[in-house]
Amino acid sequence: RKLLLSILLTYTFFTSCGQNRVETIQARAYFDSINFQINANRDLQQSLIDKATVAILTIKEDKSATIDTKSFQQLLDSAKKNNILRQQNIEKIAEVDAAINYKGKVLDYVQHFNNFYEKEFKDFLVILNDKEQDRFAKGAAILMPKLKLIKEREIEFKNIFFLYDSVNF
């Protein structure tokens, strides 16, 4: 009787461990898929932000400086195209934990970049092409609040991943 109980408990233990292992593997694959998409556009995205930073610092130092907006526009077009593709790829991934909503938070972050590309960066390009003396103030007023918001969103979903990672993997 004790042997049968012991075998049954061992079987139950190993069965539940196996199930947990599958769920863990699925969760890891889910996070890896989303994080791959996050990183897929990161270099291009960062290049655009770097170029904007250089431009804003240049017009801060020299109010009449000419900025190459053609290459800026090309970089913006590439970043927009890749970000839309990234969003479509993330939307195809099935959410594994609706309570955490990691996918939703990442999509929110990606959408903020889509909006940033469509609105603030376009407005910034207009300012760069303008020859007014207050280009720095106008440009900083457009870019800085959006960059801060995007950084907050990025920290939010990174914290979710690290919290989930430390508990479940």
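When reading the values below, keep in mind they use all heavy atoms of this one structure, side chains included, and skip hydrogens, waters and symmetry mates. Being a predicted model, the structure only gives us computed values, none of them experimental.
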Inset, instruction - Determine whether K146 and K119 make a side-chain contact, defined as any pair of heavy atoms from C-beta on separated by less than 4.5 Å. - result: no
Inset, instruction - Might you point out which heavy atoms bring V110 and R86 nearest each other, and give the distance in Å? - result: CG2-NE, 3.8 Å
Inset, instruction - Report yes if some heavy atom in the side chain of Q111 is under 4.5 Å from a heavy atom in the side chain of R153; otherwise report no. - result: no
Inset, instruction - Count the heavy atoms belonging to other residues, nucleotides or ligands that lie under 6.0 Å from NZ of K131, then report whether that count exceeds 12. - result: yes
Legend entry - Partner set under salt bridge (charged side-chain N to carboxylate O under 4.0 Å, His left out) for K51, not counting sequence neighbours: none
Inset, instruction - Just jot down the side chain to side chain donor-acceptor pair (under 3.5 Å) partners of D77, sequence neighbours excluded, or say none. - result: Q73
Inset, instruction - Of all the heavy-atom pairs spanning I150 and H112, show the shortest one and how long it is. - result: CG1-CB, 4.0 Å
Inset, instruction - Measure across A140 and P145 and return the closest heavy-atom pair with its distance rounded to 0.1 Å. - result: O-CD, 3.8 Å
Inset, instruction - Could you tell me which residues satisfy ring-ring contact (aromatic ring centres under 6.0 Å, His included) with F72, sequence neighbours excluded, listed by chain and number? - result: F121, F124
Legend entry - Atom pair CG/CG of N89 and L85 - distance to nearest 0.5 Å: 4.5 Å
Legend entry - Spacing of CZ belonging to F113 relative to CG belonging to N41, to within rounding of 0.5 Å: 8.5 Å
Legend entry - side chain to side chain donor-acceptor pair (under 3.5 Å) involving E91 - partner list, sequence neighbours excluded: Q87
Legend entry - N-O pairing of E132 and R135 below 4.0 Å: no
Inset, instruction - Mind checking the CG-CG spacing from L125 to L76? Nearest 0.5 Å is all I need. - result: 6.0 Å
Inset, instruction - Please list, chain by chain and in numerical order, all residues satisfying side chain to side chain donor-acceptor pair (under 3.5 Å) with K81, sequence neighbours excluded. - result: none
Legend entry - Test log, rule side-chain contact (heavy atoms from CB on, under 4.5 Å), inputs Q37 and K103: CA-CA 11 Å; Q37 292 302 319; K103 175 182 164 182; over 6 Å; no
Inset, instruction - Decide yes or no for L48 and Y117: does some side-chain heavy atom of the first lie under 4.5 Å from some side-chain heavy atom of the second? - result: yes
Inset, instruction - Starting at CD1 of I127, measure out to CG of L143 and round the result to the nearest 0.5 Å. - result: 8.0 Å
Inset, instruction - Check whether any side-chain N or O of N39 sits under 3.5 Å from a backbone N or O of N35 as a donor-acceptor pair, and report yes or no. - result: yes
Inset, instruction - Determine yes or no for a side-chain-to-main-chain donor-acceptor pair under 3.5 angstrom, with N101 supplying the side chain and G104 the backbone. - result: yes
Inset, instruction - Name all residues meeting the salt bridge (charged side-chain N to carboxylate O under 4.0 Å, His left out) criterion together with E95; count only those two or more places apart in sequence or in a different chain, and write none if there are none. - result: none
Inset, instruction - Compare every heavy atom of A65 with every heavy atom of I59, then report the nearest pair and how far apart it is. - result: CG2-O, 4.4 Å
Legend entry - Minimal non-hydrogen separation, I56 against G139, with atom names: CD1-C, 3.4 Å
Legend entry - From CD (E152) to CG (L147), nearest 0.5 Å: 11.5 Å
